[in-house]
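Take a look at the structure below.
Every heavy atom of this structure was used, including side-chain atoms; hydrogens, water molecules and symmetry mates were not. Along the sequence shown, residues carry numbers from 1. The structure presented is a predicted model; accordingly, all values stated were derived computationally and were not measured.
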Amino acid sequence: MGVAIVGTGLWCALGRHPADVAAAMVRGDNGHRTGPEGTTAALSGAGFSGQVDPCVEVLSQVVTEALGGRAADALVIGCCNGGLHSRALARVQTDRALELLERGLVSSIGPAVADRCGLRVPVFTVSTACTSSALALGFGMDLVASGLADRVVVGGVDLLNPRVSSGFKRLGALADGACAPFSSPSGMSLGEGAAALVLERRDGAGPDAIWLAGRGAAADGWHQTAPDPRGQGMARSIAAALADAGVHPDEVDWFDAQGTGTDANDAAEAQALVRVFTGPIPVTAPKSRLGHTLGAAGALETALAVEALVSNAVPAIASFTEPRPGAPPGALRVPLQKELSCGVVNTAAFGGSNASLVVRTRPSEPLFDPTPVGVLSIARVGPDEVAGLLPRRARIRDPRARLLCAAVRVALEQAGLARGDPARAQAGLAVSVGAHPPGAARQFVDRLNTDSPEGAARAFSGSVPNAATGWACKLHGLLGPTSTWVGPGLVALVEAMLRLQRRPGPEHMVVAAVDVATPGALEHALLAGVAPPQEGAVALVLSRGPAPSRLRTMALEPASWDVTQALACTESLLALERALQSGASRLEQAGVQIELLH
């Protein structure tokens, strides 16, 4: 029994059909174009109706293409900047401000796509900047492999936006032209796109089957924007994906690099390759032809890896002239054309997030242990308690990050996981946050308008939803798999439970949810005539080992969407705490049923 990829759809700078785009890349085509906004890789033939957010329109089309008329049991999407277009319109069309603000929430993209595609299924949204859709694929794989779903559609989308371009420009990360990963000049170039993959549980290997064989993730615990220069976080993620797939590094035919083109990312990734592989491995970098599509990159590049396995051809790195010092010796200057059976897709992101996937032509049966997971501790922290729980050296200003770090500290201490304990270092962190962007997103716009480049750069790095998760991993030394979900805390709980039930995997997972009255949340509350979210954070530690209370995911159920579900995400974890205290046997929310064993 394995997880097969039975359908793909994509839309990027080189076209709208996976096979055609893959062939164009092998042929040497490049999607970058130079215009008033610089050199970018914009969608080919894009035109939007204006009836929905452009991200919804694009992703709906590729989801429909991937499904090909099939049904699905769940929709999982990864997105970083979805809804920016609608939120910008809300500033202009004030008579529609509430509608556009709600349409512009990252958490609204998935439900709107499900509605347009006729899917009445649970919808899950992960937002971890550039690893978003890679982590979404990993979660979709877990849903199928665990038996919670027979078929899951996973998508990723992000579109070009002037605010995002300005942020990377303030960081000094953009190249003067198209990016040249591992070569010169250094710097990234932005692109846009969407992709969807359909995952299905299947017995045995068909003649043309392609399998999502493994997934891995790890935290750097290093810096909010720069990767660990030693490549340790990336290496742990890649090694975890290979172990999950039961694949030895020598069995990998090629490596699909994060390959953004920046000095810091490329050098760290080259170090990661040395740590994982015993010798040179062929390396490609799709961003050299498609630009960096941010939250869509994992899904888009995995869909292209499927085509590489089908056509037995991997494209060369565009614009590669002379290698930079330390560049991987296997960087492809010409296409790799041979019989292929296994590839690795790698992604990395702000907040120290790393996620990797293994695709191959043979099935790998994921190992799941259905034993319920234990609850070691539950901690609640309010705004008035934070100051005494954070070290002064931390210098964390963002209220969401401060609350999260404080709650995680208390939960870890109650669970007896001390700093320096190897079990703590290997633990992962799954977090649910409110749908509105962090306060840093508004600060970034304000500082752009006041021409404060350094302040704008700092605010931009904190504007992604997983910024708080990155702070918590760094402060508390959590280096295992990490994810950030937009919506109820029960979603992060399910992801953490599935990780603990996989073999191999972490022994402990920290689950947390945090609510903050960000500027966007306050504006939305005023327009909607509702109370803003009550600020606070909840964290719990889960374990494979013995515990007084244990949990098991029972089923996924169709769930109606209400925007309020993504505005107060701590409530479902507080409901779990109450259920454990009362001896209840079941908890249900957001399309998920959890069984409680006492």
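- With contacts defined as side-chain heavy-atom distances shorter than 4.5 Å, the pair Phe182/Pro328 qualifies.
- Considering only residues two or more places apart in sequence or on other chains, Ala267 meets the side-chain contact (heavy atoms from CB on, under 4.5 Å) condition with none of them.
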For a side-chain hydrogen bond (donor to acceptor under 3.5 Å, both in side chains) check, start with the C-alpha distance between Thr347 and Asn354, then their side-chain angles and the critical distance, and finish with the verdict. CA-CA 6 Å; Thr347 62; Asn354 301 283; over 6 Å; no

Do any side-chain atoms of residues 308-319 form donor-acceptor pairs under 3.5 angstrom with protein atoms, and if so which ones, sequence neighbours left out?
from: Ser311; atom 1: OG; to: Glu307; atom 2: O; distance (Å): 2.8
from: Asn312; atom 1: OD1; to: Leu340; atom 2: N; distance (Å): 2.8

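- Residues Ser237 and Asn346 bring no donor and acceptor atom of their side chains to less than 3.5 Å of each other.
- Taking 4.0 Å as the cut-off between side-chain N and carboxylate O, Arg424 and Glu507 do not count as a salt-bridged pair.
- Taking all atoms of both residues into account, the shortest heavy-atom contact from Leu332 to Pro282 is CD2-CB, 4.0 Å.
- Between Ala348 and Cys130, the shortest heavy-atom distance links the atoms O-CB, 3.3 Å.
- The heavy-atom pair separating Ala209 from Trp211 by the smallest distance is CB-NE1, 3.5 Å.
- Closest heavy-atom contact between His508 and Val541: CD2-CG1, 4.4 Å.
- Residues satisfying the side-chain contact (heavy atoms from CB on, under 4.5 Å) test with Thr128, not counting sequence neighbours, are Val126, Thr131, Ser132, Leu135, Ser353, Asn466, Thr484.
- Between the side chain of Arg544 and the backbone N or O of Pro506, at least one donor-acceptor pair lies under 3.5 Å.
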Evaluate the salt bridge (charged side-chain N to carboxylate O under 4.0 Å, His left out) criterion for residues Lys287 and Glu301: first the C-alpha distance (whole Å), next the side-chain angles of each, then the deciding distance (0.1 Å), finally the verdict. CA-CA 9 Å; Lys287 294 176 183 66; Glu301 295 175 22; 2.8 Å; yes

If you apply the rule side chain to side chain contact (heavy atoms under 4.5 Å, CB included), what do you find for Ile5 with Val198, and how did you get there? CA-CA 6 Å; Ile5 301 172; Val198 180; over 6 Å; no

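- Checked for salt-bridge contact, Asp29 and Arg289 miss the test: no charged N lies under 4.0 Å from a carboxylate O.
- Taking the side chain as every heavy atom from C-beta outward, Glu269 and Phe255 approach each other to under 4.5 Å.
- Heavy atoms only, all atoms of each residue included: Cys569 and Gly487 are closest at CB-O, 2.8 Å.
- Taking the side chain as every heavy atom from C-beta outward, Ile77 and Leu75 approach each other to under 4.5 Å.
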Derivation and outcome, side chain to side chain contact (heavy atoms under 4.5 Å, CB included), residues Asp158 and Cys79: CA-CA 6 Å; Asp158 259 319; Cys79 184; 3.8 Å; yes

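- In this structure the side chain of Leu304 reaches within 4.5 angstrom of the side chain of Leu10, judged on heavy atoms.
- Between the side chain of Asp253 and the backbone N or O of Gly343 there is no donor-acceptor pair closer than 3.5 Å.
- Pairing each heavy atom of Ala268 with each of Met234, the nearest pair is CB-CE, 4.2 Å.
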Can Asp73 and Arg151 be said to form a salt bridge (charged side-chain N to carboxylate O under 4.0 Å, His left out), step by step? CA-CA 6 Å; Asp73 300 316; Arg151 185 183 298 126; over 6 Å; no

Kindly list each side-chain donor-acceptor pair under 3.5 angstrom involving residues 58-68, sequence neighbours excluded, with atom names and distances?
from: Ser60; atom 1: OG; to: Val56; atom 2: O; distance (Å): 2.6
from: Gln61; atom 1: OE1; to: Arg16; atom 2: NH2; distance (Å): 2.3
from: Thr64; atom 1: OG1; to: Ser60; atom 2: O; distance (Å): 2.9

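- In this structure, Pro286 and Met25 have side chains that are in contact, with non-hydrogen atoms separated by less than 4.5 Å.
- The side-chain contact (heavy atoms from CB on, under 4.5 Å) search around Arg230 returns Trp222, Asp228, Gln232, Arg275, not counting sequence neighbours.
- Between the side chains of His292 and Ser189, not a single donor N or O lies within less than 3.5 Å of an accepting N or O.
- The shortest side-chain heavy-atom distance between Thr284 and Leu336 does not fall under the 4.5 Å cut-off.
- A distance-only check finds a donor-acceptor pair linking the side chain of Glu192 to the backbone of Leu160 [under 3.5 Å].
- With a 4.5 Å cut-off on side-chain heavy atoms, Ile594 and Met497 count as touching.
- Looking at Arg215 and Asp142, a side-chain N of the basic residue comes within less than 4.0 Å of a carboxylate O on the acidic one, giving a salt bridge.
- For Phe139, the ring-ring contact (aromatic ring centres under 6.0 Å, His included) criterion is met by Phe124, Trp485, not counting sequence neighbours.
- Counting heavy atoms from C-beta outward, Leu43 and Trp11 have side chains that approach closer than 4.5 Å.
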